[in-house]
Amino acid sequence: MQDLLTVRERVEELRRQIEYHNYRYYVLDQPEISDAEYDRLMEELRRLEAEHPELASPDSPTQRVGAGPVETFGIVEHRLPLLSLANAFGPEALRAWHARVERLIGPRPLVYVLEPKVDGLAVSLVYEDGKLTVAATRGDGFRGENVTQNVRTIRSVPWTLRGRAPRYLEVRGEVYLSREAFKQINAERAAEGQPLFANPRNAAAGSLRQLDPRVTASRPLDIFIYQVGYYEDGALPRSHWEALQHLRELGFKINPANERLADFAAVVAACQRWEARREQFPYDIDGVVVKIDDLDLQAELGAVGREPRWAIAYKFAPTQATTRLLRIDVNVGRTGSINPFAVLEPVQVGGVVVKLASLHNEEDIRRKDIRVGDTVIVQRAGEVIPQVIGPVLSKRPPDAQPYQLPTRCPRCGAAIVKPPGEAMARCTGGVQCPAQLFELLKHFASRDAMDIDGLGEKLAAALLEAGLVRDVADLYYLRKEQLVPLERMGEKRAENLLRSIAASRERPLERLLYALGIRHVGAQTAALLARRFGSLDALRAASEAEIAAVEGVGPVIAASVRAWFDEPRNLAVLEKLRQAGVRFTQEAAPTAGLPLAGKTFVLTGRLERMTRLEAEARIKELGGTVSDTVSRKTDYLVVGAEPGSKLRRAQQLGTRLLDEAAFEALLAGHPLPEPAGPDA
DNA sequence: CCGCCTCGAGTTCT
DNA sequence: CTCGAGGCGG
């Protein structure tokens, strides 16, 4: 039995250490110890508290997991109201604000502080004698809800201030969720069939307003403190910037992206720069808050109504908008997949007018409960494809009906079936379906398949419309006089097209195999099959078991391939291709002994001196393979300008990175210097 | 049977 | 780029 005094000392020591490491990890983002070591400290503390209930304390870091639920939130009167900010939409409005400031205080040199306007929810935190006593939502600015128990679960909120704390301190901050955490929470909710949050802000608000703080604790909320509200006992610095530094010393998390600028032109430029790079913040921001730095000037400028004149919110173009869902139509894919899409009342979002948005599949529409006639939230951020996030239920027309997929294909009338357990419904019309034939023709001619230059969307439609092509083999029997009457088709273009078609007869087997559009056979699988069987006839003659025996091919793909070759219509197409002189064999392409044999590459970002396609071709020539996703099996990630998410994954996995110069050196046959060791 | 790794397929606007 | 799902190793 241990002496209780020493146990108490140990408990206090552990609490001190854990709070310190919390601070290093969550506030400074500079941990000093590993997660495992941290877990060990936490585990020991938990154990001691369990063994000695008399030592338990609501101030112990073990309580960050949250206490029991409450019935309702109390109301908190803010000692000083939380003001709102005037908005500036665009640089002109920002300049107008600035002109007014100068008019009021006369022209003199000004210093500005810029802070990302994080899209979360504002809270007020009160510290008395250095201890967190009350946390409240903004509410109407005068009175908010008491969410102290929930805010205490946020790891970057100090319970006790560091250093010499004022007797009474109130600070304001923004509670938010990172985009990553938001995605994770929604994925969990989707798995549990719960309604999804529309955006990180809603998720953060929902999390903070949980009656059960244990739920809040499970959500990785974070906070940035941006303002002193009320400060009693002790002198505050003269400037906002210094006040933020002071708050940082007290243990608060201050946004490291904040900037102090002394030139208004630079302020405007910075706002625009941040807008262009808003995706690079790990959390959503909807603008930039610009503040006059000097606190005396702030006081002089004062407020109009509830808006201070010394600050303004420069607002970015919104990435979400609401609009009406007019109709749900469906597209038919090459494989017969039925792909519903939303026809929207045109709406400006993310800098473009959106009229259409994909809806993926019936299941997705059901889960989001999207109905024709609904007002829906549409999102488009950066280059990302527009998405329908969900309905605004309060605006739903009373007669709106849940969406039902059509039972017959809108293009060919064949039955639509949805195999149990699969997400996608399919048209059963096969190549009889004009939509599927059209998609197949485009696919056949596409660059990774037979690469027929000049045969794109438009021409494929025209050839089908004119009845010149009923299957892909018909392409090789086209004559010039048939083509010329087509719209926008002269002698010259017809000749060029026929030449491209003729040239495509020489494509290697793997291209042809891919071009045929056999279900589950993409470029990669086509290459595996071509390499193993060497000729189309050998593959046609193979049994299902022989096909399934190929490395990387399993029962599903084997059955699909076998079924394709058992279809008389397909065999007829093959005979026509053969008659037309299309190559049915693989060229011998030995890869053994080449310098990059066995090496797997992934490319990300834009290369300066060659296209991505050229880079891929060079790697393959030298015996390497190119993959699409970074995994443990990836040997090199070639990093170009503006790399994507692959770079982060590669860094996590410790994959070797090559910049363009190093990549070129490798291609030129120069061995790479060994990677630096951990102690180098 | 589960969890990783890959591959296939589809998508908006300019 | 993202989702869904096939293949495969443990």
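From a predicted model like this one, the values you see are computed outputs, not experimental measurements. Labels below follow one simple rule: chain letters A, B, ... track the order of the sequence lines, proteins then strands, and each chain is numbered from 1.
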(request) State which residues pass side-chain hydrogen bond (donor to acceptor under 3.5 Å, both in side chains) with A:R201; sequence neighbours excluded, sorted by chain then number. (result) A:D119
(request) Please collect all side chain to side chain donor-acceptor pair (under 3.5 Å) contacts where either partner lies in residues 533-557 of chain A, sequence neighbours excluded, each pair once. (result) A:D537-A:R540, A:D537-A:R578, A:S543-A:E546
(request) Would you please name every residue forming a side-chain hydrogen bond (donor to acceptor under 3.5 Å, both in side chains) with A:D453, sequence neighbours left out? (result) none
(message) Would you say CZ of A:R396 has more than 12 non-hydrogen atoms from neighbouring residues, nucleotides or ligands within 6.0 angstrom?
(response) yes
Would you be so kind as to tabulate the donor-acceptor pairs closer than 3.5 Å made by side chains of residues 404-413 of chain A, with sequence neighbours excluded?
| residue | atom | partner | partner atom | Å |
| --- | --- | --- | --- | --- |
| A:R408 | NH1 | A:G413 | O | 2.8 |

(request) Answer yes or no: does a side-chain N or O of A:T335 lie under 4.0 Å from OP1 or OP2 of B:dG10? (result) yes
(request) With rounding to the nearest 0.5 Å, note down the distance linking CG in A:L528 to CD in A:Q524. (result) 6.5 Å
(request) Check the angle between the aromatic planes of A:Y314 and A:F316 and answer parallel, tilted or perpendicular using the 30° and 60° thresholds. (result) perpendicular
(message) Measure CD/A:Q379 against P/B:dC13 and give the value in whole Å, please.
(response) 15 Å
(message) Assuming nearest nucleotide by heavy-atom distance, tell me which of A:T604 and A:N361 is located more 5' along DNA chain C.
(response) A:T604
(request) Specify the separation, in whole Å, of atom CZ of A:R334 and atom C1' of B:dT11. (result) 14 Å
(request) Give, ordered by number, those residues of residues 437-454 of chain A having at least one heavy-atom distance below 4.0 Å to an atom of DNA chain C; if nothing qualifies, reply none. (result) none
(request) Taking atom types as modelled, find out whether A:T335 and A:R426 have a side-chain donor-acceptor pair closer than 3.5 angstrom. (result) yes
(request) State whether the side chain of A:N331 and the backbone N or O of A:F341 hold a donor-acceptor pair below 3.5 Å, judged by distance alone. (result) no
(request) May I have all residue pairs that pass ring-ring contact (aromatic ring centres under 6.0 Å, His included) and include part of residues 512-532 of chain A, sequence neighbours excluded? (result) A:H443-A:Y514
(message) Checking A:I385 now: which residues fulfil side-chain contact (heavy atoms from CB on, under 4.5 Å) with it, not counting sequence neighbours?
(response) none
(message) Tell me which residues in residues 547-563 of chain A lie within less than 4.0 Å of DNA chain B, going by non-hydrogen atoms.
(response) none
(request) Shoot me the first and last contacting nucleotide of DNA chain C against chain A, ordered 5' to 3', at under 4.0 angstrom to non-hydrogen atoms. (result) C:dC1 to C:dC8
(message) Using whole Å, what does the distance between atom P of nucleotide B:dG8 and atom CG of A:N339 come to?
(response) 18 Å
(request) Go through the structure and list residues passing side-chain contact (heavy atoms from CB on, under 4.5 Å) with A:D364, not counting sequence neighbours. (result) A:H360, A:N361, A:R367, A:K368
(message) Just the rounded figure in Å: distance from P of B:dA9 to CD1 of A:I338.
(response) 16 Å
(request) Mark up nucleotides 1-7 of chain B, 5' to 3', with B wherever a protein heavy atom is under 4.0 angstrom from a base atom, S wherever such an atom reaches only the sugar-phosphate, and - elsewhere. (result) ---SSSS
(message) Less than 4.0 angstrom between a side-chain N/O of A:S358 and OP1 or OP2 of B:dG10, yes or no?
(response) no
(message) Any side-chain N or O of A:R380 below 4.0 angstrom from OP1/OP2 of B:dC13?
(response) no
(message) Please report the distance, rounded to the nearest Å, between OH in A:Y514 and C1' in B:dG8.
(response) 8 Å
(request) May I have the distance from A:F341 (atom CZ) to B:dT11 (atom C1'), rounded to whole angstrom? (result) 11 Å
(request) Find the distance A:K355:NZ to B:dT11:P and express it as a whole number of Å. (result) 17 Å
(request) Would you kindly give the CD-to-C1' distance between A:Q387 and B:dT12, to the nearest whole Å? (result) 11 Å
(message) Does A:I385 reach a base, just sugar-phosphate, or nothing at all? Heavy atoms under 4.0 Å.
(response) base
(message) Closest-nucleotide mapping onto DNA chain B: is A:V354 or A:G333 further toward the 5' terminus? I mean the 5' end.
(response) A:G333
(message) Tell me whether A:K576 is salt-bridged to A:D471, with the criterion being a basic N under 4.0 Å from an acidic carboxylate O.
(response) yes
(request) Return the set of residues passing side-chain hydrogen bond (donor to acceptor under 3.5 Å, both in side chains) with A:E660 (not counting sequence neighbours), or none when no residue passes. (result) none
